Protein chains: 2
Amino acid sequence: MTSDDNTVNIKPRDGRYHHGDLRSALIEEGLAQLDVKPPDAVSLREIARNVGVSATAVYRHFPDKAALLNALCGVGGERLAEAFREAMSGADDQRGAFKAMGRAYVKFALRNPSVFRLMMTQSRPKGDREKDPCATDEPFGMLSDTLNALMPPDASKTARKIKRLQAWSMVHGLAMLMLDGQVPPDEALVDQVIVASFL
Amino acid sequence: MTSDDNTVNIKPRDGRYHHGDLRSALIEEGLAQLDVKPPDAVSLREIARNVGVSATAVYRHFPDKAALLNALCGVGGERLAEAFREAMSGADDQRGAFKAMGRAYVKFALRNPSVFRLMMTQSRPKGDREKDPCATDEPFGMLSDTLNALMPPDASKTARKIKRLQAWSMVHGLAMLMLDGQVPPDEALVDQVIVASFL
DNA sequence: ATGTCATGTTATCAGTGTAAACATGGTTTG
DNA sequence: CAAACCATGTTTACACTGATAACATGACAT
């Protein structure tokens with residue numbers, strides 16, 4: 001017991017030596033940190049500290065810091081997919097649905113900046129080993145499907161690809177520029193840009 | 001002389017105690033680092049080490065790590081402006097010039113990934129104190145001017161703003177998606193997307 | 001009761017940014 | 001010319017990080 005802890009040193013000595021569900025607790029605390037600081041500023045040690053557990057306990061559940069971040073990334077993907085579903089449900093036609101998804105994309109970025117960054121920009125240098133589905137697959141699939149349904153049936157494969165890339169680039173770029181302070185993060189402005197968009 | 005250096009320990013003992021032009025040397029070395037690693041992986045200590053100087057010597061020329069990064073950011077801006085000039089010079093009309101600048105934007109990002117990141121995405125958490133012109137002003141002004149010349153003279157101010165934002169968002173998003181590995185960094189693909197673009 | 005094993009802990013290491021105190025040597029002034 | 005000044009670099013030290021290795025605990029099965 002070196003007691004060099006800066007905090008109150010609350011050991012979970014309330015009966016059980018084992019935490020119960022540390023893994024979930026770590027993820028939850030990780031998400032909480034992402035609400036208030038950029039991804040590169042989240043620290044394993046602080047997460048552990050706030051959960052009330054030793055610094056190295058994390059390594060029993062995640063081999064790496066990148067692994068923890070990937071987990072957070074995963075729940076981010078689910079949330080984005082959920083946001084897309086909600087956006088689609090409120091639209092009349094396919095075209096409206098697509099634009100609604102575009103708005104939802106940027107809105108999601110503005111409201112969960114760090115999670116968005118974590119998902120989209122490789123904020124974890126070596127996290128993408130082989131697999132790493134990163135859960136962006138689901139929301140991206142939804143976008144792709146909606147756009148395909150929207151285009152003329154005789155459109156070529158590459159034409160679809162280009163169109164998809166244009167749309168994605170635009171919302172992604174808008175989100176990034178706003179997150180990075182190059183453009184004021186105004187949701188009304190987002191609407192204007194998307195409404196005036198092609199398609 | 002602790003000699004705990006891992007390197008060959010080359011002190012600049014070739015006559016002058018003072019380095020001569022440390023500031024420039026630090027910037028140059030910093031840019032060299034940015035060529036091979038992402039911005040958040042550049043380390044003051046390693047820069048100092050490679051320049052052959054003590055770790056804290058940096059603080060005689062830059063108050064902060066962020067300050068050094070901002071300096072690098074500055075030369076990045078000059079380079080981008082230069083790339084824009086070159087792109088414009090090879091075009092016949094205004095419309096061609098604008099699209100050429102779009103291509104140049106993405107190309108610049110692909111060829112100087114870390115510098116681009118440093119300039120565009122706030123990779124320095126607290127770097128943007130008050131001033132921080134960040135030198136992106138010049139290239140952005142060039143883009144804006146070209147687009148303005150391109151639009152019908154009776155276009156409203158907000159119409160211009162929206163159009164500018166659309167264009168910028170698209171190239172920026174495309175660049176980011178490619179840098180982050182979400183889209184293959186294919187320059188031919190860039191051309192397709194931009195050519196097929198609105199405008 | 002006795003092992004086994006997942007889970008958590010302590011000790012330790014290398015690396016980082018940064019501040020404070022000190023050293024050096026060119027430049028300016030008496 | 002000597003002495004003070006001051007920009008520049010050095011040493012030392014601190015707090016923080018991610019990560020590894022060795023050890024402790026306690027739940028659960030045989």
Side-chain angles (χ1 to χ4, degrees), chain A residues 1-7 9-27 29-30 33 37-72 123-127, chain B residues 1-7 9-27 29-30 33 37-72 123-127:
Chain A
M1 170 69 72
T2 53
S3 91
D4 62 345
D5 276 350
N6 44 6
T7 68
N9 195 0
I10 21 97
K11 289 247 198 80
R13 281 267 166 269
D14 51 348
R16 64 251 144 72
Y17 177 82
H18 289 60
H19 180 280
D21 193 358
L22 218 191
R23 189 189 156 93
S24 307
L26 291 174
I27 291 183
E29 175 60 25
Q33 303 254 340
K37 60 182 68 175
D40 55 302
V42 315
S43 132
L44 282 195
R45 293 180 106 100
E46 184 170 359
I47 291 180
R49 218 178 294 140
N50 288 5
V51 169
V53 97
S54 141
T56 53
V58 184
Y59 290 86
R60 290 297 155 189
H61 298 272
F62 302 95
D64 229 33
K65 181 184 186 178
L68 209 189
L69 293 184
N70 267 333
L72 302 183
S123 295
R124 66 270 115 105
K126 46 187 165 184
Chain B
M1 168 72 73
T2 54
S3 92
D4 63 345
D5 276 349
N6 44 6
T7 68
N9 196 1
I10 21 100
K11 287 247 198 80
R13 279 267 167 269
D14 49 351
R16 64 253 145 73
Y17 177 83
H18 290 59
H19 180 281
D21 194 358
L22 217 192
R23 190 189 154 93
S24 307
L26 291 174
I27 291 183
E29 175 61 25
Q33 303 254 341
K37 58 182 69 174
D40 56 301
V42 315
S43 134
L44 281 196
R45 293 181 107 101
E46 183 170 359
I47 290 179
R49 219 177 294 140
N50 288 5
V51 170
V53 96
S54 138
T56 54
V58 184
Y59 289 85
R60 289 300 150 187
H61 299 271
F62 303 95
D64 228 37
K65 180 182 185 178
L68 209 189
L69 293 184
N70 267 333
L72 303 183
S123 294
R124 64 270 114 107
K126 46 188 165 184

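These numbers were taken from a predicted model, which means no experiment stands behind them. Letters go in sequence order (proteins before strands), and every chain restarts at 1.
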Looking at [X] and [N], is any side-chain donor or acceptor paired with a base atom of the opposite kind under 3.5 Å?
X	N	answer
A:Ser54	C:dT10	no
A:Thr56	C:dT10	yes
A:Arg45	D:dG18	yes

Could you measure the distance from the NZ atom of A:Lys65 to the CG atom of A:Asn70? Nearest 0.5 Å is fine.
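Result: 12.5 Å between the selected atoms.
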
Among A:Asp64, A:Leu44, A:Ile47, A:Val51, whose side chain to side chain contact (heavy atoms under 4.5 Å, CB included) with A:Val58 holds?
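In the set A:Asp64, A:Leu44, A:Ile47, A:Val51, the residue that makes a side chain to side chain contact (heavy atoms under 4.5 Å, CB included) with A:Val58 is A:Leu44.
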
Can you give me the closest heavy-atom contact between A:Glu46 and A:Ser43, atom names plus distance?
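What the structure gives for the nearest pair is N-OG, 2.9 Å.
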
Over all atoms of both residues, closest heavy-atom pair of B:Ala55 and B:Ala48:
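Nearest heavy atoms, B:Ala55 then B:Ala48: CA-CB, 3.8 Å.
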
Nearest-nucleotide comparison on DNA chain D, the residue closer to the 5′ end among A:Pro63 and A:Glu46
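Here A:Glu46 is the residue nearer the 5' end.
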
Report the distance from atom [atom1] of [X] to atom [atom2] of [N], rounded to the nearest whole Å.
X	N	atom1	atom2	value
B:Ile47	C:dG17	CD1	P	8 Å
B:Leu26	D:dG9	CG	C1'	12 Å
A:Leu22	D:dA27	CG	C1'	16 Å
B:Asp21	C:dG26	CG	P	17 Å
B:His61	C:dG17	NE2	C1'	18 Å
B:Leu69	C:dG17	CG	P	9 Å
A:Asp64	D:dT17	CG	C1'	14 Å
B:Phe62	D:dA7	CZ	P	17 Å

Taking C-beta and beyond as the side chain, do B:Leu72 and B:Gln33 meet within less than 4.5 Å on heavy atoms?
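No - every pair of side-chain heavy atoms lies 4.5 Å or more apart.
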
Out of D:dG9, D:dG18, C:dG8, which has the shortest distance to the side chain of A:Tyr59?
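For A:Tyr59, the side-chain atoms sit closest to D:dG18.
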
Categorize A:Val42 for me: base, sugar-phosphate, or nothing, with a 4.0 angstrom heavy-atom threshold over every strand shown.
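Counting heavy atoms under 4.0 Å across all strands, the contact made by A:Val42 is with sugar-phosphate only.
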
Is the phosphate of C:dT16, meaning OP1 or OP2, less than 4.0 Å from a side-chain N or O of B:Arg49?
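It does, given that an N or O in the side chain of B:Arg49 lies less than 4.0 Å from OP1 or OP2 of C:dT16.
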
